[in-house]
Amino acid sequence: MPKVKFWLLDINDALIDGAPAIRLWGIDDAGRRVAIWDRNFPPRFFLLANRGEDPALILEGIRRLSRELCGILDLGLERKRYLGEERNVVRVVFKDHESLAKSAEALPNAKGVEAVLEDDVRFSMKYMIDGGVRPCSWHEVEVQEAPIEQSIRVDRAYEAVSPPRVIESQGEGPSLRSLAFSILCPGSRGSPRPSVDPVRGIFVESGSGEGEVFLAEGDRDSSAIRGFSEFIERADPDLIVGFGSNRFDWPYLMERAKLGGIHLKVGRGGEPPHRSVYGHISVTGRANIDILNLMDDIPEVKQKALASLAEFFSIIRKGEMPDLDEVELAREWRNAGGREHLREYFVKRTGVLMKCHETLMDFAIALSNITGLPLDQVAAAAVGFRVDSLMMRGSRMLGELIPKREERPHVAYKGGMVLQPKPGLHENIVVLDFKSMYPNLMMLYNISPDTYCPPGEDCSEAFEVPEVGHRFRRGRDGLYRAVLSKLMEERERIKEKLKGIPKGDPSHKVLAERERAVKILLNACYGYSGWTGARWYSKEVAESAAALGRAAITKALEEARGFGLEPIYGDTDSIFLKSGPKIEEYVERVMQETGIEIKIDKIYKRILFMESKKRYAGLLESGDLDVVGLEAVRGDWSGASKAMQEGMLKIVLSEGGPNGALEFARSYISDVRSKAIPFRDFVIWKTLTKPMREYEVKAPHVEAARRLLADGIELGPGDSVGYVITKGAGKIHERAKPYAYATIEEVDAEYYINNQLIPVASRILSIFGIAVGRMLESPG
DNA sequence: AGGGGCTTCAGTTCG
DNA sequence: TGCGAACTGAAGCCCCTC
């Protein structure tokens, strides 16, 4: 039987002659695009038998019923674990999805059945989990050649004879073909509406740097859309990349295509794009990726705009490519010469998008490979679903059944401990961090939903968590320990490999991005355990991890005194100590006492604390300024207050006193008063977190959004509103104006001085006993 | 009517 | 559509004084 090696790019379920089948899309080791049918995996679920119930009776009962329930191919008894407990289950295999769905509805009420399990796992996901198939991994599969259907755009098509198997550590992935695109749709009135506003241009760029532009002819965009669709067919990309394309570009194109009677044949089977899980758009046989989704994994970039991301990656210089909003775009479209300008802008934008994609792809591929979510899904999936997938994979290793996703009410619990900082300037401060504190504590004490021992149950030799009293079984590894230790080992393995690879080498980046993916997942597991939507939700687990964390940091604080080290501050897993000679000894002691590793994370030559927790600024040994939590690093303050604060902090920390900073603030405020700073530094950005109609209060950003809404600009949850406060009487929200509508002349400098600058300056100066009061309000 | 003091709402960041 | 802790500004309310 011939064998094929392939790298899995996409997977979907389909029907062949009415029978369920899986289609795997990939690239073989000769770079050919391949499609592989697998019809050897009929849908299935498990019936969990009640404790003490003879599962054979259930099985018999179903066999009797099966005339009515029809469509059952196979039944079998198995022993599996469910939340740690060994249980009897009945495996039920169906000929098709409809039969499974019917039975899943009827059987939970059958006699002796506690629950139907794993019917709520997507078919293609269950196929991969049960078969050990993994996205963005190399596999080997026995096949027979199948004729290439006329509509299928691949080099080879096969039929799987046996299940594909992952080939471990096959090294790097294949070279993938990418296509980036963006669409230009200025709104004729307010936001563009597909019912009336045509697509004026579609801009594409392939990975090799070749671009193509499809322009509407007058108001007719049919040929442009058709041209785009044909271009995709011709270029046959593996990855289709957009920015905000799940929410805007694709839905818009789909709607315009519908109106124009055009078939968007973008899938490898000639399919149109379709809406899939996690609200993303899926293109069969390819991976559709929205870079905007991946930006959530880069918290350093505050503004969710392509320009901000490109600046962060140093793909463009600051201010090189503006980010035009809908108002500016429509305005430019109407301007003389604006259309030519917009075309140039979109060509540039699409090229920048491609470069961002190239920078991000190693990360996305690693994330897909580790979590087991297909590449296009993993980008769009929220943290909780990524970990859910990771856990489902882990559960198979332990023979654990996958619990149902349930709707549960939110239950709060006590979290990490934060110390009150000692305000003022401190010198030579060492920051010690517990390394991956929550994951390590959960591993150390086997904290997991399947090792939890409820009150009243006899669990000999269980470990009891201090303060909260929850008990967890020792002995057999729990799911969390199993999953976390695999991640931890992977991280160590990557670190080891990285040592032998020079930094500029492409494989260095692949590994470094993989390490970042592992790290993100490691850190997400604790939060996942306390998320009520998690399949393996357990308040006791999350609460215990938090309690163990508090115990660890408390222990570290107690020990500090004995080593002559004075704690200045601490938050969750870190403590800030005034450096002393016995620090190494101390680190050893804390590790002995807590069982988890603690290391020196940072050393501040000088650090400034105010009265608040979670906010400080320090000078690192390198001479770099490190600002944490303060306005200067927040996205919801004006550029003016951020710039002034950063300037003041630099001076205070380098001079060791407030005098220079006071002068700096004075002069900065006078610049603001005379408007000698750029307009954009007056703009305040805030994100809408819910639909406009649900706002009960008149907040400034909400009122600014209302003004846009009045002009037909549609804004919803997740959209950012940039506004300035203008001169005049009345409440602040009455004077908030979308920045695109305002000029620098209208800006109320006094508002910025009183509400954005003085509070910020006085928080710093008051530490030194300088009461700001009116001192900064008028010049001199 | 207007101000002080307090609570609530909203958004964002830390770890 | 990970968690809780924490901060801040603005609005919104009550209460008091005038």
Side-chain angles (χ1 to χ4, degrees), chain A residues 277-280 293 296-297 299-300 302 377 380-391 405 407 410-421 431 433-439 520-539 541-543 545-547 549-550 553 569-575 601 610-616 626-638 641 684-690 694-703 717-718 720-721 725 730-736 751 754-756 758-760 763:
Chain A
V277 285
Y278 314 121
H280 82 294
N293 291 146
D296 291 342
D297 294 299
E300 296 96 316
K302 308 283 178 207
Q377 287 178 35
V383 177
F385 292 95
R386 291 173 180 175
V387 180
D388 238 4
S389 177
L390 186 69
M391 292 290 169
R405 188 185 301 292
E407 292 248 344
H410 182 257
V411 194
Y413 64 90
K414 197 169 156 193
M417 188 166 81
V418 189
L419 301 178
Q420 196 63 51
V431 184
D433 263 26
F434 283 111
K435 247 175 92 180
S436 303
M437 185 183 75
Y438 287 134
I520 282 178
L521 290 167
L522 265 174
N523 288 333
C525 288
Y526 154 72
Y528 168 86
S529 71
W531 171 48
T532 52
R535 286 182 187 271
W536 278 277
Y537 164 74
S538 166
K539 186 209 165 199
V541 165
E543 200 169 36
R550 292 193 299 272
I553 196 170
Y569 176 64
D571 185 349
T572 311
D573 60 356
S574 67
I575 51 174
D601 182 47
M610 277 146 260
E611 301 284 345
S612 316
K613 298 172 174 180
K614 297 192 181 279
R615 283 156 192 244
Y616 55 88
D626 190 27
V627 183
V628 179
L630 292 164
E631 286 78 1
V633 294
R634 295 179 66 93
D636 57 346
W637 284 75
S638 64
S641 54
I684 298 165
W685 289 91
K686 281 206 165 70
T687 311
L688 295 170
T689 56
K690 52 187 181 184
E694 286 177 23
Y695 281 96
E696 283 167 14
V697 294
K698 298 185 165 186
H701 71 294
V702 178
E703 291 312 291
S720 287
V721 187
I725 303 300
K731 302 237 184 230
I732 292 161
H733 68 249
E734 290 162 349
R735 295 188 282 130
Y751 164 82
N754 292 323
N755 298 45
Q756 291 264 319
I758 292 193
V760 166
R763 268 194 284 275

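Naming: A, B, ... by sequence-line order, numbering from 1 per chain. This structure is a prediction, so every number in the text was calculated from the model and none was measured.
- Looking at residues two or more places apart in sequence or on another chain, you find no ring-ring contact (aromatic ring centres under 6.0 Å, His included) involving Tyr537(A).
- Residues satisfying the ring-ring contact (aromatic ring centres under 6.0 Å, His included) test with Tyr526(A), not counting sequence neighbours, are Tyr438(A).
- Between the P atom of dA11(C) and the CD atom of Glu696(A) lies a distance of 16 Å, rounded to the nearest Å.
- In this structure, CD1 of Ile725(A) is placed 13 Å from C1' of dA11(C), rounded to the nearest angstrom.
- If you check every strand for non-hydrogen atoms under 4.0 Å, Val702(A) touches nothing.
- Trp531(A) is linked by a ring-ring contact (aromatic ring centres under 6.0 Å, His included) to Phe385(A), counting only residues two or more places apart in sequence or in another chain.
- Rounded to an integer number of Å, the gap from NZ of Lys731(A) to P of dG3(B) is 11 Å.
- Between Glu631(A) and Arg615(A), some side-chain heavy-atom pair lies under the 4.5 Å cut-off.
- For the pair Ile553(A) CD1 and dC14(B) C1', the interatomic distance rounds to 13 Å; values are reported in whole Å.
- For residues 530-539 of chain A, every residue pair satisfying the salt bridge (charged side-chain N to carboxylate O under 4.0 Å, His left out) rule, not counting sequence neighbours, is listed here: Asp120(A)-Arg535(A), Asp388(A)-Arg535(A), Lys539(A)-Glu543(A).
- Nucleotide dA11(C) holds its C1' atom 12 Å from the NE2 atom of His701(A), rounded to whole Å.
- The side chain to side chain contact (heavy atoms under 4.5 Å, CB included) test applied to Val418(A) returns Tyr569(A), Asp571(A), Lys613(A), Lys614(A), not counting sequence neighbours.
- At whole-Å resolution of the value, OH in Tyr537(A) and C1' in dC3(C) are 11 Å apart.
- Residue Gly635(A) is in sugar-phosphate contact alone, with no base atom involved, counting any heavy-atom pair closer than 4.0 Å across all strands shown.
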For this session: Sugar-phosphate means primed atoms, P, OP1 and OP2; the rest is base. With that split, encode nucleotides 4-10 of chain C 5' to 3' as B, S or - using protein heavy atoms under 4.0 Å.
Result: BBSBSSS

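- Residue-level contact check: Tyr569(A) touches neither bases nor backbone, having no heavy atom under 4.0 Å from any strand.
- When distances are taken from the side chain of Tyr695(A) to each of dA10(B), dG2(C), dT13(B), the shortest belongs to dA10(B).
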